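Naming convention: chains lettered A, B, ... in sequence-line order (proteins, then strands); numbering from 1 in each chain. Keep in mind it's a predicted model, so treat the numbers as computed, not measured.
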Amino acid sequence: MLSDSIFEGLNPEQRQAVENTEGPSLVLAGAGSGKTRVLTSRIAYLIGGCGIPSESILAVTFTNKAAGEMKERVGKLLGPEASDLAIGTFHSICVRILRREIGHLGRSRGFVIYDDADSLGVIKEVLRRNDLDPKAHDPRRIRWRIDQWKNAGTLPAGAMEAAYDIDDELSARIYAGYQRMLLDANALDFGDIILATVQLFRQHPRVLEFYQRRWQYILVDEYQDTNGVQYELVHLLAAEHRNLCVVGDPDQSIYAWRGANVRNILEFENDYSEARVIKLERNYRSTQPILTAASAVVSNNVARRDKRLVTEREGGDPIHIFEAEDDREEAQFVVRRMLQAKGDGESFGGCAVLYRTNAQSRALEEELLKYDVPYTVVGGVRFYDRAEIKDAMAYLRLLVNPLDDQALRRIVNRPTRGIGKTTMERASERAAEQELTLLDALGQTAASGGGRTGTKVRAFLTMIEALREDMSQLPLDQLIGRILDQSGYLDALIKEATPEAESRRDNLLELMASARDFDAANADLSDEDRTVLDLFLDQVALISDLDQWEDRSDRVSLMTVHSAKGLEFPYVFLVGLEERIFPHASSSGDEESLEEERRLCYVAMTRAMDRLFITHASARMRYGERSFQSPSRFLDEIPDGLVERLESRRPRSSTRSSSGSRRESSFDYSYSQEASGGDGEIQPGTRVRHPVFGVGEIIEVQGAGLNQKLKIRFERAGLKTVVVRYANLEMA
DNA sequence: GCTATTGTGTTCGTG
DNA sequence: ACACAATAGC
C-alpha cells in the first residue's frame, strides 16, 4: 500500500527507473523529466517497498541544496524510517568517512578544510620557501594545475612522472611541497577530500570492504558531471554489490573545466555490461517552443547521443529575442518586462535572469535598484566569503587546530595589534628552519623577544590561550561573541563608525545567530571527539552559494547559468548572448569547449517553463571600456519560426538630432529630460541626483549634444565624469 | 609597523 | 571600473 503511493503519478519509464533496483542502471534523464522525483521515489521504494534498511543506502548529489531537498522529500514519504540514510554531496560524504578513517593514512582526525584563499596562501608560501618569484610562476595557475591533478586522482609522484615540460614539472614540485605543508597544518583542500578517500580505499581494502557492505544501494545524481576521482570512488564502492544507479544527462554536462568527464556517463554501459538503460524523454516543465528551440541548439553538437525530448505541454508563446544598443538598455528591457510580468500576475520570484559571467550582474542590479524591484544575486560574494565572517571563522579554526597556519596568518593582526609583516616573516623563517608550527614559532618570539614586539606577541598568545579555555565552556554563539569581544574586533568596527563597518557588525551578529541555530539543531550529533564546533566548521567549509539561495516568492533571482542548473522558473531572461561572452572567448577555436558552451546554452534555455526572453547588446562596457559585440552564433541556431524579434525602441543615435530631443518612443527613458531639455540648467553649480551615485554638484560641463559629459562631485561617491545621455540625472 | 599611493589583473564556471 | 596587492614614505 505504501508502494501505491510511491508509484502514484509516475509515467511508465519513471516507474521502471524506480522499480529496477537490482544491478546497475543508467537513467538518462532529459531536462525537466522529473529526475528528482525518480530519485526520491526510488529511495522511498527501496526502504518502504523492498524493506531495505535506510543505512544501507547512499545517495550522492552535487549540491547541499539538492541533498537537502531529497532528504526532505524522502522524509515526507517515509517519516523517521529514513533517518539513517546517507544523502550528501561527494564532499560531505567523504568528510564523514575521513573523520572516522583518516587515521589509516597516518593522519589525525582533527583536520581542517582549506578553502581557495587558504590554499593560494600555502602555494605562495611554498614559492617563497623555494626562492621562486610569484610573478614568474603564477600561484593561481599552479593551484589550478594541482587541482586538475587531484581531480584526475593523480598524486605528486605521478604528477612528477607525467609532467610534460619544465613548467609543468615545476608545478609538480610545488604540488609535492604544497601537500607537505597541508600535512603539517593538518589541513585538506577541497580536492584532497575526495582524493584522500580514494587513497584510503586503494590502500586499505578492509576499510573499503566495510563501506561496500554497508552501502548496498548507491545512487548518483548528475553523473555526467563526475570527474576522475569521483568516478573511481563510486566504482570502488559499488564493486561488490553492483547496485549502482546513476542519473544524468550528457547534454547537460557543463563542468569539463573542473575535471568532469562526460565519458563517465557515455561509457557506463561498457563499464557495466549488464546495465539497464532507461530514458526519460517526457518533459513536464517547458512549453513546446522553448523545448524545440533548446533542442535545436544542442543538436548542433557533433559529439552527442541523439535524444528526443517531448513536452507534455501544448501551445506556448514564442521565444522573444531583443537586441539592445548597450548593456544598460538590455537591463532596462529586462526590468520592464519583469514589471509587465508582475502586472500579469506573475510573482517576482518566478523571474530569473541568467548570464554567462558573474560580472554581468552589475548593470542589471543598477537597473533593478532604480525601479525598486527586489532581487537576490546568487554567487558573487557569498556570506561565508565575506572578510569579517572569514576572520571570525579563522579564530575558531585556530582554536580547534593550533597547526592551522593560514588561519593564524589571517587573524594575527586583525584587528591591527602591532604584529606586522616583519614579525611574521621572522616567525615563518623560524618555523621553516626548526620545523615548528607558526604558532609555536611565535611562542619563541614571545619568550625571547623583549621590547615592543615581544610584549605584543605575548599579549596575543595569552588571548588565544584564554579563548581556548572558553572553547569547551561556552556554547557556540557565545564563544564567537567572546572572540569578537576579547580580540578587540568589535571595538575596532565600532570605532570605525562607517556604514560598511556597521554592516559588517550585522553580518557577525547573523553569524552568531546561525551558530545558535546550528547548535540547537546538532547538539545530539556531537560526541566526545566531535564537538558541535567541529561540525560547524565542516558545514561552513562545504557550504556553497546556491545552498543559501531559497525560493523567495517576492524576489527576482540573478545568477550564472552554471548556478541555475537544476532550477526552473516561469520567466527566464537569458542575457548577453554575444560572441566572446556566450560562447565565451576562451572556447573559440576549440570544438570541444564550444560544444560545452552549447550545452550550457541548452541548460539555460531549458530552465524556462512558460516564457523565455533572450537578449544581446551591440555594445557593452567591459574592463571599463566600451566594447562592440556581435550576436552569438547560438541565436542563429534557433529556428526562425519559434522566435519573435523585438526592436530597440530607443532611437538610434544616428537618427537623433543633436540638440535636446523629445521622447519619441513609448519607452519611458527618464534620462536627462531636464538636463538635456535645453532649459539652460546644465551649468556648474547645479545640484543633480544620479540613480547610483546619489546627489552631487556639477563641477564642469564638457562638450555639447549627444556626447555631452559632466564632471560631478558626488557627496558620497566622490568625483565622477558621466555622459548626460546615459546618466539618468534628475534635478536635486 | 602603518598608511597612502601606485600597479596589476580581473571577468568563465564550483565544492 | 573596481578590487586587491605590492611598494613607498612616514
Q: Quick check on B/dT14: is either OP1 or OP2 less than 4.0 Å from any side-chain nitrogen or oxygen of A/S563?
A: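 Yes.
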Q: What nitrogen or oxygen pairs link the protein and nucleotides 4-10 of chain C at under 3.5 Å?
A:
none

Q: Could you tell me how far apart A/R141 (CZ) and B/dT8 (C1') are, to the nearest whole angstrom?
A: 18 Å
Q: Return no unless some side-chain N or O of A/T422 is found under 4.0 Å from OP1 or OP2 of B/dG1.
A: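 Yes, because at least one side-chain N or O of A/T422 sits under 4.0 Å from OP1 or OP2 of B/dG1.
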Q: For the pair made of CZ in A/R140 and P in B/dG13, what is the distance, rounded to whole Å?
A: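 For the pair A/R140 CZ and B/dG13 P, the rounded distance is 12 Å.
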Q: Side-chain N or O of A/T423 versus OP1/OP2 of B/dG1: is the shortest distance under 4.0 Å?
A: yes
Q: Can you find a side chain N or O atom of A/N64 that sits less than 4.0 Å from OP1 or OP2 on B/dG15?
A: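 Checking B/dG15 against A/N64, no side-chain N or O comes under 4.0 Å of OP1 or OP2.
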Q: Compare the aromatic ring of A/Y255 with the six-membered base ring of B/dT14 and state whether they stack according to the 5.5 Å and 30° rule.
A: no
Q: Within this structure, what is the CD1-to-C1' distance between A/I113 and B/dT14, rounded to whole angstrom?
A: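 Between C1' of B/dT14 and CD1 of A/I113: 15 Å.
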Q: Taking atom P in both B/dG13 and C/dC4, what distance in whole Å separates the two?
A: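 Their P atoms lie roughly 15 Å apart.
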Q: Rounded off to whole Å, could you give me the CG-to-C1' distance for the A/N358 and C/dC2 pair?
A: 15 Å
Q: I'd like to know whether A/R599 forms a salt bridge (Lys or Arg N to Asp or Glu O under 4.0 Å) with A/E596, so could you lay out the CA-CA distance, the side-chain angles of the two residues, the decisive distance to 0.1 Å, and finally the verdict.
A: CA-CA 5 Å; A/R599 290 192 293 271; A/E596 177 148 316; 3.4 Å; yes
Q: Tell me whether the guanidinium CZ or amine NZ of A/R143 lies under 6.0 angstrom from the six-membered ring centre of A/Y175 and within 45° of its axis.
A: no
Q: OP1 or OP2 of B/dG13 less than 4.0 angstrom from a side-chain nitrogen or oxygen of A/H562, does that happen here?
A: no
Q: Output all residues satisfying salt bridge (Lys or Arg N to Asp or Glu O under 4.0 Å) with A/E425, sequence neighbours left out; order by chain, then residue number.
A: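 Checked A/E425 against salt bridge (Lys or Arg N to Asp or Glu O under 4.0 Å); zero matches.
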Q: In this structure, how many angstroms lie between the P atom of B/dT14 and the CD atom of A/Q148, rounded?
A: 17 Å
Q: What integer distance in Å separates A/F460:CZ from B/dG1:C1'?
A: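 That distance rounds to 16 Å.
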Q: Is A/E365 paired with A/R362 through a side-chain N to carboxylate O contact shorter than 4.0 Å?
A: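 A salt bridge is absent here (no side-chain N lies under 4.0 Å from a carboxylate O).
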Q: Examine C/dC2: is either OP1 or OP2 under 4.0 Å from a nitrogen or oxygen in the side chain of A/R362? Give yes or no.
A: yes
Q: Does B/dT14 have OP1 or OP2 sitting under 4.0 Å from an N or O in the side chain of A/N151?
A: no
Q: Could one point to a donor on the side chain of A/S586 or the base of B/dC12 with an acceptor on the other under 3.5 Å away?
A: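 It does, because a donor-acceptor pair links the side chain of A/S586 to the base of B/dC12 below 3.5 Å.
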Q: Using centres under 5.5 Å plus planes under 30 degrees as the test, is A/W257 stacked with B/dG13?
A: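 Yes, A/W257 stacks on the base of B/dG13.
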Q: From CZ of A/R143 over to C1' of B/dT14, roughly how many Å is that when rounded to an integer?
A: 11 Å
Q: To the nearest Å, give me how far apart CD1 (A/I193) and P (B/dT14) are.
A: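 Taking CD1 of A/I193 and P of B/dT14, I get 17 Å after rounding.
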